[in-house]
Amino acid sequence: MEKNDYIELFHQMMLIRLVEEQATLLYQQGKIGGFLHLYIGQEAVSTGIISSRQMQDRIITAYRDHGVAINCGIPVKVVLAELLGKVTGCSQGRGGSMHMADVGKNFWGGHAIVGAHLPIATGLALGDRYKGKDAVTICMFGDGATNIGYFHEALNLSKVWNLSVLWVCENNHYGMGTSVERASAVSEIRQKAEGYLIPNSCVDGMDLMKVREAALDAIETVRTQHTPYFLEVETYRFRGHSMGDPERYRTSEEVKRWQNEEDPIGIYHKYMMDNNIASSEEIDQVEKTAEREVESGLQFAESSPEPLPEDLYNNLYMEIG
Ligand SMILES: Cc1ncc(C[n+]2csc(CCOP(=O)(O)OP(=O)(O)O)c2C)c(N)n1
Ligand SMILES: [Mg+2]
């Protein structure tokens with residue numbers, strides 16, 4: 001990677017964090033309807049995975065999707081507009097927080113039903129096989145999703161047909177208020193892939209460079225060896241499951257330890273300094289640029305119109321070539 005590439009990755013993680021801090025305020029002001037699941041703490045996962053894809057590779061994820069949307073290249077102002085339910089949002093204000101999408105950028109959406117997008121990933125990859133496309137489908141999901149029936153059906157068929165799917169489990173240790181150990185008979189989640197003879201590995205998800213290295217290897221394996229691959233990424237969400245989570249299932253000491261010692265943005269900042277990639281002044285500039293982008297994006301989103309009631313029944317079905 002060139003210097004600018006390293007800086008762009010920092011820029012993307014900063015944007016995710018700042019957009020979500022802004023979203024917290026907007027939610028408290030009652031401007032965001034429905035649920036709001038924040039990705040703060042997990043920024044290195046989507047940034048590392050998505051920066052490792054080629055543009056023909058598809059991305060699909062669950063409802064914790066703002067970071068993925070930004071990494072896929074949806075402008076911050078369009079993400080903010082979607083959060084506010086405005087017609088200029090990436091889903092024309094109909095999807096909101098959990099249903100960001102832009103098929104033109106090969107982002108096949110955030111999905112609210114736990115596990116339900118895994119069979120869709122298998123289907124996308126089957127479609128690519130039929131059409132002879134050299135594309136990898138990258139499917140991201142939480143630890144909780146691995147206890148759902150869809151997970152097993154989707155993994156099984158992906159191996160039966162040796163489809164080009166990279167399964168990425170974001171193990172943030174909890175599904176809502178339930179820890180992995182209380183919900184899953186297998187606490188080392190990647191072992192579940194063994195049951196379907198899918199090659200697998202586990203990586204530290206707080207270190208962007210480690211995530212990228214693992215993702216590049218995994219995507220290469222899928223593309224060249226025509227097999228699904230399972231990558232478990234160990235991470236942590238710094239905020240509650242969604243807004244208004246009283247967080248009785250974990251101690252504030254545990255949260256503080258991760259925030260202080262494992263902050264992905266802090267770890268990457270240090271990496272750039274230690275390796276003389278950028279000076280602290282240059283990194284400050286990137287932060288300032290990101291702040292300005294979020295500020296002007298907010299103005300755009302707030303001043304955008306709401307969808308029209310008469311358009312309610314448009315775009316319910318569409319043909320995808
Ligand atoms: C089928 C289904 N069951 C239950 C829910 C309620 N629910 C929403 S998020 C969630 C936890 C999922 O945890 P995980 O997959 O680990 O993702 P994380 O929230 O940690 O990113 C549950 C149970 C749902 N949305 N869909
Ligand atoms: Mg989880």
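Order of listing sets the numbers, starting from 1, for every ligand and every atom in it.
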| What residue and atom, counting heavy atoms only, is the protein's closest point to atom 8 (C) of ligand 1, and at what distance? | Val114 CG2, 3.9 Å
| query | Taking non-hydrogen atoms only, is Glu170 closer than 4.0 angstrom to ligand 1 via side chain, backbone, both or neither? | reply | neither
| task | Indicate, with yes or no, if Leu155 and Tyr229 share a hydrophobic cluster defined by side-chain heavy-atom contacts under 4.5 Å among Ile, Leu, Val, Met, Phe, Trp and Tyr. | result | no
| Metal check, the Mg ion (ligand 2) vs Asn171 N/O/S, cut-off below 2.8 Å | no
| field | Ala112 and ligand 1 - part of the residue with a heavy-atom distance under 4.0 Å | value | backbone
| said: Classify the ring geometry of Tyr268 against Tyr271: parallel below 30°, tilted from 30° to 60°, perpendicular beyond 60°. | reply: parallel
| task | Just let me know how Asn172 lines up against ligand 1, side chain, backbone, both or neither, with a heavy-atom cut-off below 4.0 Å. | result | side chain
| request: Looking only at protein heavy atoms, identify the closest one to atom 16 (O) of ligand 1 and say how far it is in Å. | output: Gly144 N, 2.8 Å
| query | Nearest protein heavy atom to atom 22 (C) of ligand 1, by residue and atom, and its distance? | reply | Met176 SD, 3.3 Å
| task | Tell me whether Tyr63 is reachable from Ile113 by hopping between hydrophobic residues (I, L, V, M, F, W, Y) whose side-chain heavy atoms are closer than 4.5 Å. | result | no
| request: Classify the side-chain pair Thr61/His111 by whether it contains a donor and acceptor separated by less than 3.5 Å. | output: no
| Lys159 to Tyr196 six-membered ring, cation-pi geometry met (6.0 Å, 45°) | no
| message | Does atom CZ (Arg182) have a neighbourhood of more than 12 heavy atoms from anything else shown, all under 6.0 Å? | response | no
| Going by heavy atoms in the side chains, are Ile283 and Met273 under 4.5 Å from each other? | yes
| Are Met176 and Val180 connected, step by step, through hydrophobic side chains (Ile, Leu, Val, Met, Phe, Trp, Tyr) whose heavy atoms are closer than 4.5 Å? | no
| query | Counting both backbone and side chain atoms, is some N or O of Ile113 under 3.5 Å from an N or O of ligand 1? | reply | no
| Quick check: does Glu170 have an N/O/S atom under 2.8 Å of the Mg ion (ligand 2)? | no
| request: Please identify which atoms of ligand 1 are closer than 4.0 Å to at least one heavy atom of Asp143. | output: 15 (O), 16 (O)
| field | Residue, atom name and distance, where the atom is the protein heavy atom closest to atom 13 (O) of ligand 1 | value | Gly175 CA, 3.2 Å
| Does the gap between the ring centers of Trp258 and His173 come in under 6.0 Å? | yes
| Which bit of Arg64 gets closer than 4.0 Å to ligand 1, counting heavy atoms only: side chain, backbone, both or neither? | side chain
| remark: Nearest heavy atom to atom 19 (O) of ligand 1, choosing from Tyr150, Phe141, Tyr63, Tyr174, belongs to Tyr63
| task | May I ask you to test the Val233-Leu231 pair for a side-chain heavy-atom distance under 4.5 Å? | result | yes
| said: With carbon and hydrogen excluded and only N/O/S kept, which atom of Asp143 is nearest the Mg ion (ligand 2)? | reply: OD1
| Distance filter under 4.0 Å to Ala145 heavy atoms, resulting ligand 1 atoms | 15 (O)
